[in-house]
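Data first, discussion second: the structure below is written as C-alpha cells.
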Amino acid sequence: MQNMNGRSFYDTHEVEKLTTIYNRMIRLRINDTLKEFKLSESNFFYVLLVCESPGISQDKLIQNIYRDHSVVTRAISKLIKNGWIEKKMSDVDKRQTELYPTAKAINNYQVIFDKVTAVNDESVAVLSEGETEQFKLLLEKVIQAGIERERLSGKKISELF
C-alpha cells in the first residue's frame with residue numbers, strides 16, 4: 001500500500017530499517033561473545049562504564065546513556081545480584097547511591113572490553129578507515145540533533161524517538 005505521495009512505508013523508512021538491522025546484528029554477536037560471562041548486549045556496558053567510573057551515581061549513568069530509568073534500575077539490580085556491581089550510599093549525599101565494580105568486574109573488564117571491541121571492529125570491517133570515521137561522524141551528527149531536539153522540547157530523548 002502506498003500513501004498519497006505514492007511512497008510506501010518501506011521507502012520512507014529505509015534508514016530506520018537499516019539501522020535496526022545493523023544494531024540487531026551487533027547485539028546478536030555481542031550476546032554470543034559474552035555468553036561465558038552471562039552478560040548480554042543489554043547489560044555489559046553498565047559493567048564497563050562502572051569499571052571506568054567507579055562511584056558513578058545511577059542518575060549520572062542514566063544521563064550518559066539515554067536509557068529509561070526503569071530499564072537501568074532493572075539491569076543494575078540484576079548485575080548486583082550476579083556479582084558484577086555493588087551499590088553503596090554516597091558519603092556526600094545520603095539520598096544518593098553510587099555504583100562500584102566488584103572484583104569480578106575488575107578482573108574481567110579487559111577481556112570483556114576486548115571482546116566487545118572485536119565485535120564492533122568486525123561490524124565495520126568492510127569499510128575503509130575513512131568510511132568508518134565518516135560513518136561514526138554521521139551517527140554522531142544524527143544523535144546530536146536528537147539531543148538538541150530533546151533540549152529544545154523539554155522531552156526525554158526516549159520520548160522523541
Side-chain angles (χ1 to χ4, degrees), residues 1-35 37-79 84-85 96-99 101 105 108-161:
M1 182 174 202
Q2 296 181 340
N3 67 17
M4 294 185 312
N5 297 328
R7 297 171 67 194
S8 71
F9 177 82
Y10 179 80
D11 294 336
T12 59
H13 294 82
E14 184 72 9
V15 171
E16 180 182 357
K17 177 186 173 216
L18 293 172
T19 304
T20 300
I21 292 169
Y22 180 70
N23 180 275
R24 177 132 172 85
M25 288 170 31
I26 292 173
R27 292 167 60 121
L28 289 172
R29 184 76 176 102
I30 287 173
N31 282 341
D32 187 53
T33 301
L34 298 179
K35 201 181 300 182
F37 299 100
K38 295 188 175 134
L39 291 173
S40 70
E41 44 73 29
S42 65
N43 62 18
F44 81 89
F45 58 90
Y46 298 114
V47 174
L48 297 183
L49 290 172
V50 170
C51 283
E52 292 171 1
S53 300
I56 189 170
S57 72
Q58 192 164 319
D59 288 337
K60 186 70 171 170
L61 184 68
I62 291 166
Q63 289 171 8
N64 289 343
I65 60 173
Y66 292 98
R67 284 282 187 91
D68 288 332
H69 191 274
S70 61
V71 171
V72 175
T73 299
R74 280 192 303 273
I76 295 298
S77 293
K78 185 176 181 180
L79 291 168
W84 289 98
I85 293 174
Q96 193 170 32
T97 56
E98 299 170 337
L99 304 172
N108 289 290
Y109 169 84
Q110 193 62 53
V111 175
I112 294 167
F113 181 90
D114 291 346
K115 286 178 177 277
V116 172
T117 299
V119 169
N120 284 303
D121 290 346
E122 288 171 13
S123 75
V124 293
V126 299
L127 302 176
S128 69
E129 190 175 318
E131 289 170 328
T132 300
E133 185 60 26
Q134 184 66 28
F135 183 55
K136 178 184 164 212
L137 291 172
L138 292 170
L139 289 172
E140 287 173 352
K141 184 176 183 178
V142 171
I143 290 166
Q144 282 305 119
I147 291 169
E148 183 62 13
R149 281 193 305 275
E150 173 188 305
R151 188 186 67 73
L152 293 174
S153 71
K155 293 183 180 180
K156 290 192 274 183
I157 199 144
S158 58
E159 296 170 347
L160 296 173
F161 298 103

Under 3.5 Å, sequence neighbours excluded: what are the donor-acceptor pairs made by side chains of residues 110-126?
from   : atom 1 : to     : atom 2 : distance (Å)
Gln110 : NE2    : Asp114 : OD1    : 2.8
Lys115 : NZ     : Glu36  : OE2    : 3.2
Thr117 : OG1    : Phe113 : O      : 2.7
Asn120 : ND2    : Val116 : O      : 3.0
Glu122 : OE1    : Arg29  : NE     : 3.2
Ser123 : OG     : Tyr22  : OH     : 2.9
Ser123 : OG     : Asn120 : O      : 2.7

The reported gap from OG1 in Thr19 to CD in Glu16 (rounded to nearest 0.5 angstrom) is 8.0 Å

Provide the closest heavy-atom pair for Ile85 versus Tyr46 in the form atom of the first, atom of the second, distance.
-> CD1-O, 4.2 Å

Nearest 0.5 Å, what's the CG-CD1 distance between Asp32 and Ile30?
-> 11.0 Å

Identify, with sequence neighbours excluded, every residue that meets side chain to side chain donor-acceptor pair (under 3.5 Å) alongside Ser77.
-> none

Roughly how far, to the nearest 0.5 Å, is the CD1 atom of Ile56 from the OG1 atom of Thr97?
-> 11.0 Å

Enclosure of Glu129 CD (heavy-atom neighbours >12, cutoff 6.0 Å) | no

Using side chain to side chain donor-acceptor pair (under 3.5 Å) as the criterion, list what pairs up with Glu133, not counting sequence neighbours.
-> none

For the student: nearest non-hydrogen atoms of Leu79 and Asn43, plus distance | CD1-O, 3.7 Å

Considering non-hydrogen atoms only, spot the tightest contact between Cys51 and Pro54 and give its length.
-> O-CD, 3.5 Å

CG on Leu18 to CG on Asn23, rounded to 0.5 Å = 12.5 Å

Show your reasoning for whether side-chain contact (heavy atoms from CB on, under 4.5 Å) applies to Leu61 and Leu99.
-> CA-CA 9 Å; Leu61 184 68; Leu99 304 172; 3.9 Å; yes

Side chain to side chain donor-acceptor pair (under 3.5 Å) partners for Arg27, two or more places apart | Glu41

CH2 (Trp84) and CD1 (Ile76) are apart, to the nearest 0.5 Å, by 13.0 Å

I'd like a table of donor-acceptor pairs (distance under 3.5 Å, sequence neighbours excluded) in which one partner is a side-chain atom from residues 134-144, with atom names and distances.
none

Compare every heavy atom of Pro101 with every heavy atom of Val50, then report the nearest pair and how far apart it is.
-> CG1-N, 3.4 Å

Is Tyr109 close to Val47 at the side-chain level, that is, under 4.5 Å between some pair of heavy atoms?
-> no

With Thr73 as partner, the option from Lys78, Gln58, Arg67 fulfilling side-chain contact (heavy atoms from CB on, under 4.5 Å) is Gln58

For Gln63, enumerate each residue passing the side chain to side chain donor-acceptor pair (under 3.5 Å) test, keeping only those at least two apart in sequence or located in another chain.
-> none

Do you know the tightest heavy-atom contact between Leu34 and Ser40?
-> CD1-O, 4.5 Å

